[in-house]
K.L.:
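Structure incoming, see below.
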Amino acid sequence: MQSDLPVAKRFVSTADGRPTPEMLAFYEENGFLILEGFASDAACDALKARIAGLVDAFDPESVRSTFSTDDQAHARDLYFKESGDKIRFFFETGAFDAEGELVKPKHQALNKIGHALHDLDPEFDRFSRSEKLSNLAEALGLQDPGLVQSMVIMKQPFIGGEVGMHQDSTFLYTSPMTTTGFWFALEDADQSNGCLIGQAGGHKAGLLERFHYDGDDLIMEKTSDAKPQGPQEALEAPKGTLVVIHGLVPHSSASNTSARSREAYALHMFDRKADWAEDNWLKRASDMPVRGFA
Ligand SMILES: O=C(O)CCC(=O)C(=O)O
């Protein structure tokens, strides 16, 4: 859906990833930071080629799992619940007809791939564990960063679904809250193909909801009566841009009704000096603990 929001300020990434004082002040004030040119075109293209290879090898008949933030229906789905330490594939709801038949080729039907690409795939491992990103994470105050979740978000032409307004700490809760998102535009993202939308300064209002296990069920629990706050800004991001997202800043993205895809790679970290909530949805096998940059 084309919208017409004010476009958020962008900075040109430093060569070594360390933010300038101006960048840090902007992030503290707004809860997001847009760094143009953080990843090279060649690095984005290599990751896109790897994604295409993963989809080539994926048998679409093996799974019918969809991902939509509309009704969180995937939360009832074992394929989703067990995906925290795997590479799993989730379809767009718009990729099926009323009879449940796939009406799009698989390369144009997936919503996302997640959630442990950074640990299981060498190309994603390399992209995620760069010295440049480690420098940035350190400067943002993550003393012992744990790389806990990775996702490719495809935002397919015409059917790429909306991602509802949310805070990442809702899904990856730590005490104190340290979750931080690192979202890479692998293709140009703007308001015509569903770029991120952020609520500037909204991270100051605290956590609004928690998504967590209650017995065997995943539930969304309201944790505050506050509403998402702050003016909405379009976080437009040319290819290679990194958008850093504070775990408490409300953000969303519109559906993609354009003919252009908007592929992105999102990596989430938390500070292992904080306590990871054991009832978080994301589970890792005991022989696959969360790793840092090493
Ligand atoms: O890529 C998108 O559209 C949404 C990504 C997002 O919300 C996230 O990475 O937390």
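Computed from a predicted structure; not experimentally measured. Below, each value reflects all heavy atoms present in this structure, side chains not excepted, and no hydrogens, waters or symmetry copies.
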K.L.:
Answer yes when Lys273 and Asp271 have at least one side-chain N-carboxylate O distance shorter than 4.0 Å, and no when they do not.
P.N.:
no
K.L.:
Could you go through the side chain to side chain contact (heavy atoms under 4.5 Å, CB included) check for Ile34 and Phe11 one step at a time?
P.N.:
CA-CA 6 Å; Ile34 308 180; Phe11 295 83; 5.8 Å; no
K.L.:
Answer yes if Val7 and Leu196 sit in the same cluster of Ile, Leu, Val, Met, Phe, Trp and Tyr residues linked by side chain heavy atoms under 4.5 Å apart, and no otherwise.
P.N.:
no
K.L.:
Is a side-chain donor or acceptor of Arg50 paired with a backbone partner of Pro122 at a separation under 3.5 angstrom?
P.N.:
no
K.L.:
Less than 4.5 Å apart, side chain to side chain, heavy atoms only: is that true for Gln108 and Ile159?
P.N.:
no
K.L.:
Rounded to the nearest 0.5 Å, how far does CG of Asn193 lie from CZ of Phe158?
P.N.:
11.5 Å
K.L.:
Taking all heavy atoms of Gly84 and all of Leu282, pick out the closest pair and write down the distance.
P.N.:
CA-CG, 3.9 Å
K.L.:
Looking at Gly194, is its backbone amide N or carbonyl O close enough to the side chain of Arg262 to form a donor-acceptor pair, meaning the two atoms are under 3.5 Å apart?
P.N.:
yes
K.L.:
Please tell me if the side chains of Val148 and Met269 come closer than 4.5 Å, counting only heavy atoms from C-beta onward.
P.N.:
no
K.L.:
Donor-acceptor check, side chain of Lys155 to backbone of Gly161, threshold 3.5 angstrom: yes or no?
P.N.:
yes
K.L.:
Please say yes or no: joined through hydrophobic side-chain contacts below 4.5 Å, possibly via intermediate residues, are Val12 and Tyr27 part of one cluster?
P.N.:
no
K.L.:
Ile153 and Lys112: which non-hydrogen atoms are nearest, and at how many Å?
P.N.:
CA-CB, 4.3 Å
K.L.:
Please confirm whether the backbone N or O of Asp56 pairs with a side-chain atom of Lys106, one donor and one acceptor, at under 3.5 Å?
P.N.:
yes
K.L.:
For His115 and Trp281, take the angle between the two ring planes, folded into 0 to 90°, and tell me which bin it lands in: parallel under 30, tilted 30 to 60, perpendicular over 60.
P.N.:
perpendicular
K.L.:
To the nearest 0.5 Å, what is the distance between CE on Met23 and CG on Leu140?
P.N.:
11.0 Å
K.L.:
Enter the distance from Glu22:CD to Leu33:CG here, rounded to the nearest 0.5 Å.
P.N.:
10.0 Å
K.L.:
Considering non-hydrogen atoms only, spot the tightest contact between Lys81 and Asp216 and give its length.
P.N.:
NZ-O, 2.9 Å
K.L.:
Under 4.5 Å between any side-chain heavy atoms of Arg210 and Asp279, yes or no?
P.N.:
yes
K.L.:
Identify the heavy atoms of Leu207 and Ser224 that sit nearest to each other, and give their distance.
P.N.:
O-CB, 3.4 Å
K.L.:
Kindly say whether His118 contributes a backbone atom to a donor-acceptor pair with the side chain of Arg129 at under 3.5 angstrom?
P.N.:
yes
K.L.:
Taking atom CD of Glu221 and atom OG1 of Thr170, what is their separation to the nearest 0.5 Å?
P.N.:
10.5 Å
K.L.:
Check the pair Gln232 / Met165 against side chain to side chain contact (heavy atoms under 4.5 Å, CB included), numbers first and verdict last.
P.N.:
CA-CA 11 Å; Gln232 293 197 3; Met165 196 57 82; 3.4 Å; yes
K.L.:
Phe38 and Ser13: which non-hydrogen atoms are nearest, and at how many Å?
P.N.:
CD1-OG, 3.5 Å
K.L.:
Any side-chain heavy atom of His166 within less than 4.5 Å of one from Glu209?
P.N.:
no
K.L.:
So if you build clusters from Ile, Leu, Val, Met, Phe, Trp, Tyr with side-chain heavy-atom gaps below 4.5 Å, do Trp183 and Ile197 land together?
P.N.:
no
K.L.:
Can you confirm whether Val163 sits close enough to Ser252 that some side-chain heavy atom of one is under 4.5 Å from a side-chain heavy atom of the other?
P.N.:
no
K.L.:
Check whether any side-chain N or O of Asn280 sits under 3.5 Å from a backbone N or O of Tyr173 as a donor-acceptor pair, and report yes or no.
P.N.:
yes
K.L.:
For the pair Leu267 and Phe127, evaluate side chain to side chain contact (heavy atoms under 4.5 Å, CB included) and give the outcome as yes or no after the intermediate values.
P.N.:
CA-CA 10 Å; Leu267 176 67; Phe127 189 96; over 6 Å; no
K.L.:
When rounded to the nearest 0.5 angstrom, what is the spacing between CG in Leu248 and CG in Leu208?
P.N.:
8.5 Å
K.L.:
Has Arg88 got a side-chain atom pairing as donor or acceptor with Gly114's backbone, closer than 3.5 angstrom?
P.N.:
no
K.L.:
For a quick test of reading the model, state the closest non-hydrogen atom pair linking Asn256 to Ser261 and the distance between them.
P.N.:
ND2-CA, 4.0 Å
K.L.:
For the side chain of Gln167 and the backbone of Gly206, is there at least one donor-acceptor N/O pair under 3.5 Å apart?
P.N.:
yes
K.L.:
In this structure, are over 12 heavy atoms from other groups packed under 6.0 Å from Glu131 atom CD?
P.N.:
no
K.L.:
Is any NZ, NE, NH1 or NH2 atom of the basic residue among Lys9 and Glu233 found under 4.0 Å from an Asp or Glu carboxylate oxygen of the other?
P.N.:
no
K.L.:
Any side-chain heavy-atom pair from Phe184 and Leu133 closer than 4.5 angstrom?
P.N.:
yes
K.L.:
Do Ile51 and Leu186 have side-chain heavy atoms sitting under 4.5 Å apart?
P.N.:
yes
K.L.:
Kindly say whether the aromatic ring centers of Tyr79 and Phe90 come within a distance under 6.0 Å.
P.N.:
yes
K.L.:
Donor-acceptor check, side chain of Lys48 to backbone of Glu187, threshold 3.5 angstrom: yes or no?
P.N.:
no
K.L.:
Using a distance-only test with no angle check, is there a side-chain donor-acceptor pair under 3.5 angstrom linking His246 and Asp168?
P.N.:
no
K.L.:
So, taking the atom named CG in Leu35 and the one named OG1 in Thr241, what distance separates them when rounded to the nearest 0.5 Å?
P.N.:
8.5 Å
K.L.:
Cluster question for you: counting only ILVMFWY and a side-chain heavy-atom cut-off of under 4.5 Å, with indirect links fine, are Phe96 and Phe58 together?
P.N.:
yes
K.L.:
Answer whether the closest heavy-atom distance between the side chains of Ile113 and Ile87 falls below 4.5 Å.
P.N.:
yes
K.L.:
When you measure from the side chain of Ser258 to the backbone of Arg260, do you find a donor-acceptor pair of N or O atoms at a distance under 3.5 Å?
P.N.:
yes
K.L.:
Kindly determine whether Lys204 and Glu28 satisfy side chain to side chain contact (heavy atoms under 4.5 Å, CB included), including the steps that lead there.
P.N.:
CA-CA 9 Å; Lys204 296 173 189 162; Glu28 241 169 69; over 6 Å; no
